[in-house]
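Read through the structure below, which is laid out as structure tokens, and then see the notes.
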Amino acid sequence: QQPVQSPQAVILREGEDAVINCSSSKALYSVHWYRQKHGEAPVFLMILLKGGEQKGHEKISASFNEKKQQSSLYLTASQLSYSGTYFCGTAKAAGNKLTFGGGTRVLVKP
Amino acid sequence: EPEVTQTPSHQVTQMGQEVILRCVPISNHLYFYWYRQILGQKVEFLVSFYNNEISEKSEIFDDQFSVERPDGSNFTLKIRSTKLEDSAMYFCASLGTGGREQYFGPGTRLTVT
């Protein structure tokens, strides 16, 4: 069963913040976040492992709430380059396939 | 930085023909995956491969599909008798032992006419 992402789309002005959520009904080992630009391959952003850790990459950070089986991706002070579709991929164990959510389209305007 | 490579970048084929998509995973990686993405949709898992055999496959991966690691470097996806609905981007990914990040290749765009 695929994880559920919300919202489906978000439009931001440069410098604004946004949160993207990824929820699963099943116990997860890890949550992977990718960003995909049109016509390109998904680019890895970060991985969250069970244990409720929080990670960050520049002004993009994420958290994983193991009790809720939910991960959130935080776009802080968004830049034009943040535009794209963000996918979460979940794995039930190390080395397992990734099951992707439906994606969240992010458009950052000047 | 090591990367996954895929060839060709774009393949056009007629319905009913066979195609082989090629991938060169990162050299010391042991887990390999094929995913596909129909235009405008999410990325879908097809098959995973470990220790020279399929470790998991999705319901999409039926008898029309097969995977092979013919030598120490290549990982191929064969689609027999292609259908119009096979048109999609096909991504190969690999994962190293102890690693957690699946590295995606740039993809092969398959167009079936």
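Every chain is numbered from 1, with letters handed out A, B, ... down the list of sequences. Please read all numbers here as calculations on a predicted model, not as lab measurements.
- If you measure heavy-atom distances from B:Y50 to chain A, you find no contacts under 4.5 Å at all.
- A donor atom on one side chain and an acceptor atom on the other are found under 3.5 Å apart for B:D86 and B:Q64.
- Your options are A:A41, A:S30, A:G39, and the one with the most heavy-atom pairs under 4.5 Å with chain B is A:A41.
- Ring-centre distance between B:F104 and B:Y33: not below the 6.0 Å cut-off.
- For B:Q41, the part lying near chain A is the backbone, with the side chain staying farther off; criterion is any non-hydrogen pair under 4.5 Å.
- The side chain to side chain contact (heavy atoms under 4.5 Å, CB included) test with A:L75 is passed by exactly one of A:V19, A:V10, A:V106: A:V106.
- Heavy-atom distances place both the backbone and the side chain of B:Q102 under 4.5 Å from chain A.
- Side chains of A:T99 and A:P3 form a contact here, defined as non-hydrogen atoms less than 4.5 Å apart.
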